[in-house]
Each structure stands twice: as structure tokens, then as C-alpha cells.
2 protein chains.
Amino acid sequence: MISGKKTPTIQDVARHASVSAATVSRVLSSPERVSETTRERVTAAVRETGYTINQAARSLRLKAARTILMAAPNIGNPFYSTIVDAVLSEAAARGYSVLVASSIGDDPNLWLRDYLLSTRADGLLLFDGSLDTKRLHGLDEGGVSLPLVAAYDEIPDPEINSVITDNRLAAKRAIRHLVELGHRRIGHVTFPSRNGTTNERLIGYHEAMTEAGLETHPEWMALGNYNMPSGAAAAEQLLALKQRPTAVFCANDEMAIGFVHQMRKAGVECPRDISVIGFDDITVAEYFDPPLTTMRQPREQIGRMATRSLIDIIEGIQPEDEPVHLVLMSDLIVRKSTRAI
Amino acid sequence: MISGKKTPTIQDVARHASVSAATVSRVLSSPERVSETTRERVTAAVRETGYTINQAARSLRLKAARTILMAAPNIGNPFYSTIVDAVLSEAAARGYSVLVASSIGDDPNLWLRDYLLSTRADGLLLFDGSLDTKRLHGLDEGGVSLPLVAAYDEIPDPEINSVITDNRLAAKRAIRHLVELGHRRIGHVTFPSRNGTTNERLIGYHEAMTEAGLETHPEWMALGNYNMPSGAAAAEQLLALKQRPTAVFCANDEMAIGFVHQMRKAGVECPRDISVIGFDDITVAEYFDPPLTTMRQPREQIGRMATRSLIDIIEGIQPEDEPVHLVLMSDLIVRKSTRAI
DNA sequence: AAGCGCGGTGTAATCGATTACACGCAGTTG
DNA sequence: CAACTGCGTGTAATCGATTACACCGCGCTT
């Protein structure tokens, strides 16, 4: 590469190859439209100069950034790790970069809009059901329709593309598993929100209980925060009951781990005294003691499919007026944290 | 906001406020240089039109993207979750966006260079010591010096800014802890690489053993992959020995968890039969059974400091020719996975 | 031989924001 | 009253890549 103070532009390459900038551009984007000899000269010049396309200029001209924005409320949660990986690799495969943002903190609706209107990102991968997507999607009736895919977290808006899992059904299967093991007093640790996903799991819990002819008691419910400490707190709450549940369904594995941890601290064994079933199947679930029975979420697939359909929409492969709604299946993974009563 | 087909430009705002685009730009970037009446008119016009700055145009003009690139070999590892969180929030506070990329797969040196030269990112936060930073940093002697901060993973290049922890010392303290408990046969699960961080821990292990007058045996060493399955495999290997170590130092918590899990499977108890100490203090370490003794890494701080100094460099607050080398301290967190022999 | 078609290339406008420079219009100052 | 200062604003060039359009030259038809 040529030594020089500044990064070479397409003009520099053109000069090197004794052609016009237009030709260089064509060699780069549609090589078949350029004669072979010229093409070779240009390719050589690109190599010699060490030319790299200036994305800002390209984005400005094309009004597209080849970048997607991934927003989640708590990227800090290990649950997202696999998903991020999948999103990155799928995006890279399609030639897209990935901006990441946390959707908590100062009015996400505001800066998300900003990102998308400012030619920084061409589309949004949203892992947060709590945002006001009406405002995001319609962008205040501006008529600008925004490539948006909601993933993992359910959003009750049929207009919005989504990639989710069968949360309600999965919850029902979790409960049925416990029922089949003979449990009748089954508790639930959930998350307080109108958040679609958790809510679906809650509904599934109730439906399955009703279908099994079992009662649900408000005191068997605990509110958690999706993390381990809150699972532990939930355990404290449930263990204090005069009549404890014999099994507990936690809305995610982290809370389940916290729950079991706290149980053990109190001298209550899992699954001997209380069976616990989680949700997600994070990596550590298998290595935990006892290995956690859980509903596995196909996280890698969620990330991959969501990214894929977002890019399909951006590139017009998928028409925007026919929203895609993908529902992936969860699997019951039976390990050692549940047992027959 | 005004209904319209396209996103408003600075010209549109100018027209609304009956001023020139230059004035609008000034109101946005240096309000004090504009008279108060004009400023108010423009501000109102911005609000009315719903104007959002076009970043591509801005980047093109300013040759800066207000974006940093975070690259790690395996963002999929939960270890990074906290770090990502910290990076995001610190970057947001300084008005920067964050692009994330995985530094494995097709020649990272190549596309990293691409990112940085293409006005997509202004600097690089590198969590991967295995990359050829000579090439990255000097960018082939192009004279273009690139804002780069190496974080977490050590890079043996005094020219490169870094934010790391005291790996060697921390490893020594881990070993000393075991020695104080009376252990003499101490194994180590490490990662095979010239990767600075792991290597420092390995050196620390050897130094501490020597200082304590203890022998190290090659068969007490196992190679892992930083994840739980490889920790389990390491356990299999070490448990098969005629004379097992009585304590094992694992280079990260994930491997430690895998190790303990496999021990239990084989009917070997931790810490009764073998004490295990980890490294990092990931969230689950505390909730695992037994709660893991480990060397806590100030991950949040690593992310925050690294981001801060990167942006300082980008903005010229920190001169490039005086590399910053920050070494943060790890803490020994004694829990239940280690005990006196 | 004039005209047509076509592949290959160049010319120049364009995307939207920034900023050096120029200009106009007070309000001083000598 | 001319010259000067300085604030506030506008004009126009600029960043680098893309692409519609024009053009050139060659081979082919009629």
C-alpha cells in the first residue's frame, strides 16, 4: 500500500488506474459492466492504494447505511449473548454492520427514532416489548415506514413483524410436566409488566392449571426481575408460606437459579422438597446443581431469523405490508430439578 | 411534526425559519454564536419539522462518525455482558454509538481495518489479544494512526493503550489462597494461546507455586476453551490421574463451573475432595453450588475506563503519543468451593 | 457510404451538513 | 464624518461515492 497522510479516495484510485471515478465505482459494484482489461487495472490500483470505501459518503448518496440497530432492555443479561452472536454473524453474512443500544434510560422512543431517521441504521431489531411501537412504527404518521422486527419479546401489534417463541404453550407444557409428576400446588415467579412474553407465560400457567383442575393462589405468585437476586427473593417469599407449593415455575432460568440457591440456603432441597422448572435453557442450566429442567428457547435461531427477516425487509425482498410472524418452538428439557412427588 | 414523504433536511428547517442552512447548523452546534431571536425561531422550526440530523452527511463532512467499534472474539460469552453494558452507557454519555463485531471468522485484521478507514468508526475497543495489532495500529505504516484501546486481554505492545487487570498478581493470590489452606498439589486449567491474559495467569500460577516451594506437574495442567464443556473435559482429564491434585485453579469461572459439574458427576465432591477456584466472578458464581471462590474482575470498570480513554484519544484529550496503561485490581472472593485440606 | 446499435467510458449533478470567508449594519472612536 | 470594530448572517465550496445521461468508436446492416 502507498504511504500517505490520508486515506485514499475513489479519485486517487481512478488517477492510479487512469480512468474516471465512475469506472472505479462500477468495478466495485457491478464489475460485469466494465471491460476486463479496465477491470484488472482498477483492481490493481485498488490494491496498490489500499483503498477502502468511505461509508459515510456512500450512505449519504444511497440513503442507506447497511447497518442495523439492535436494541434490548438489558444486553447485560447473559441470555442475550447467544442472540447477539447470531445477529452479528447473520448480519455480517449479508454485509451489514450492527449497532447495539440499550433500550433503557432516557426515552428510548426518542433516540431510537433518531438513529433510524439519521441514516445511521436502516432497520431496527427490537428485543423490548415495552416500547411504544406505535410511535416508532408509524413515526408519528410521518409516512416513513420503518423496517422493524420485534424479536423474543412479544408486541401486541399485528402490523409489526415478529420472531418469537410459543411462550404460552411452552408455559403450559412446563406446568403439565409438573402436573404429570404429581404436583398440585404449583407456584410461579414472573415479571411485573404488560410485557408480552412474560405475560404469555403467566397466561399459560393459569390455563394449564385450570385445565388440570388445579387451583392457583395469589400467594404462590412472586414477582422477580429476571435476574438471580430476584429469584432468591422470590424463594424467600414462597418459603415463608405456611403451605408451600411443591413445585415452582420460574419465568426464566436466572430466577430459577436464584430460587434454588436461596432454597438451599434455607435447608430446603431441590428437587426433594420443591421441584423447580426454569425457562430459556441458558448454558449454565445444564451445569448447575441440580441441572435445571427448563423450556429451551432456540435463541440462536431467534437471533438469526429476526436478523434475516429484518434485512429482507430492508432490501425489499419481503414486502412491508405483509408482516411476518414467526413462532419458534420451545423444547422441554428434563433434567434433575424436577421430580415426582 | 409535519407529514411528508421524506425526512426533513437542514434546508427544510432553514426554509421554515426563514434563515440559511448555515444558521441552522450553527444553532445546532454552537448556539451561543446566534442571536437569541433567531435561535428561537430555528429551534421552533426544528421541532415543527421533526428534523433529525443526517449522520452520513455529517460524518462525511467532519470525517468522524461519533461511533466506536467494539470487537471481541466471543461476545457470546456471558462474561462480556456486563462489559458491553458499561461500554454502551459510557459511550452514550459521551454521545457515541457503538458498533459491535466478533473478531473471529474471516480475517479480522482485514475488516477491522476496513471499518476504521471507512468512516464507520472513529476508534477501536479491542478485547482480543490474538490479533496482529502491529498491522492494525500502524495500519501498514500508512501513517494513519488509529485510536485503539486494548481491554481485558493483554497485548504485549507498549505503544498500545490498554485497560487490563493485574492478571499475574491475581493468579498468584489465587494460588496463595490455596496454599494457605494447605494445598500442595495444585492443578491449573488454562487456555492454549500466546494470549496475554491467560498467559499471565499461567505465569502467576507458576511463580506462586515456585515461591511456595511447590512442584508443578505437566499432568496437573489441562487445556480448556473458556467455556463450561471444556471445564468438564478438563475435570475428566485430571480425575483420571493416579495422584490427583487436591486443588485446581481454573482460568475463568465458566471452566470452573464445568469442572465442578463433572467432578460431581464422578462422585467427587467440591470442596471436600478437590478445592476449585475460578476467575472473573461472573454473576452465577455466587449462586452456584458450591458458591465459587474466585478472583473478581472489575468488569464494569474495565468497560467504562476503556471506553472513556478511547473517546479521550479520539477527541484529542489524551495525546496519542503517550499511551495509557491502566491496570485494575482483582479481588479475591472467598466462597465455598475452596477449603482447608 | 450513411446510419444504427451497443458496449464501454467519462461528465457532472447529487446526497446533506459544515465552515471559511464575505458582507451588512449597528455602534464606537478620532 | 470617515474609518473601524464586531456581531450576526448568508454564500458557496467541500467532503467522497453514485448514476443518469451523453458520447465515442466500432462493427454491422441496408
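Below, all heavy atoms of this structure are taken into account, side chains as well, without hydrogens, waters or symmetry copies. Residue numbers begin at 1 in each chain, while the letters A, B, ... track the order of the sequences.
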Would you check, one step at a time, whether the test side-chain contact (heavy atoms from CB on, under 4.5 Å) holds for Arg304(A) with Ser89(A)? CA-CA 8 Å; Arg304(A) 195 166 292 284; Ser89(A) 86; 3.1 Å; yes

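Taking side-chain N and O atoms only, Arg33(B) has no distance below 4.0 Å to OP1 or OP2 of dC7(D). One finds no side-chain N or O of Lys63(B) lying less than 4.0 angstrom from the OP1 or OP2 phosphate oxygen of dT18(C). At dG16(D), none of the side-chain N or O atoms of Thr9(A) fall inside 4.0 Å of OP1 or OP2 (strictly under the cut-off). Considering only side-chain N and O atoms, Thr23(B) lies nowhere under 4.0 angstrom from the phosphate OP1 or OP2 of dG8(D).
For dG8(C), its base never sits under 3.5 Å from the side chain of Arg39(A) at any donor and acceptor pair.
Nearer the 5' end of DNA chain C, as judged by each residue's closest nucleotide, is the contact made by Ser18(A), out of Ser18(A) and Thr52(B). Nearest-nucleotide positions on DNA chain D place Ala57(B) closer to the 5' end than the other of Arg58(A) and Ala57(B).
dT14(C) atom C1' lies 12 Å from atom CG of Leu62(A), rounded to whole Å. Between the CD atom of Glu32(A) and the P atom of dG8(C) there is a distance of 10 Å, rounded to whole Å. Going from atom CD of Gln11(B) over to atom P of dG10(D) covers 12 Å, rounded to whole Å. If you measure from atom CZ of Arg61(B) to atom P of dT14(C), you get 19 Å, rounded to the nearest angstrom. Rounded to whole angstrom, the span from the CG atom of Leu60(B) across to the P atom of dA13(D) amounts to 17 Å. When the C1' atom of dC15(D) is taken as reference, atom CD of Gln55(A) falls 15 Å away, rounded to whole Å. Atom CZ in Arg26(B) sits roughly 15 Å away from atom P in dA22(C) (whole-Å rounding). Counting to the nearest Å, the C1' atom of dG16(C) and the CZ atom of Arg15(B) are 12 Å from each other.
Ser20(B) comes within contact range of at least one nucleobase, with a heavy-atom separation under 4.0 Å. Nucleic acid contact class of Leu28(A) (heavy atoms, under 4.0 Å, all strands): none. Among the atoms of the strands shown, only primed sugar atoms or phosphate atoms (P, OP1, OP2) are found under 4.0 Å from some heavy atom of Thr38(A). Heavy atoms of Val19(B) sit under 4.0 angstrom from primed sugar atoms or phosphate atoms, though from no base atom. Residue-level contact check: Val34(A) touches the backbone only, with heavy atoms under 4.0 Å from sugar-phosphate atoms and none from bases. Residue-level contact check: Ser35(B) touches the backbone only, with heavy atoms under 4.0 Å from sugar-phosphate atoms and none from bases.
The OG1 atom of Thr67(A) sits 12.0 Å away from the CD atom of Gln55(B) when rounded to the nearest 0.5 Å.
Residue Asn54(B) has its side chain nearest to dG16(C) when only dG16(C), dA17(D), dT19(D) are considered.
A donor-acceptor pair under 3.5 Å links the side-chain atoms of Asn54(A) to the main chain of Ala57(A), judged by distance alone. The backbone N or O of Arg66(A) sits nowhere less than 3.5 Å from a side-chain atom of Arg94(A) that would complete a donor-acceptor pair. Although no hydrogens or angles enter the test, the distance criterion places no donor-acceptor pair under 3.5 Å between the side chain of Arg299(A) and the main chain of Ile83(A). No donor-acceptor pair closer than 3.5 Å links the side chain of Asp312(A) to the backbone N or O of Ile317(A).
Axis orientation changes by 70° from one end of the helix from dA1(C)-dT30(D) to dG30(C)-dC1(D) to the other, with each end axis drawn from 5 pairs and the value rounded to 10°.
Ring geometry for Tyr152(B) against Phe79(B) counts as tilted: the plane angle lies between 30° and 60°, on a 0 to 90° scale.
No more than 12 heavy atoms of other residues, nucleotides or ligands lie within 6.0 Å of CD in Glu36(A), so this atom counts as exposed by the packing criterion.
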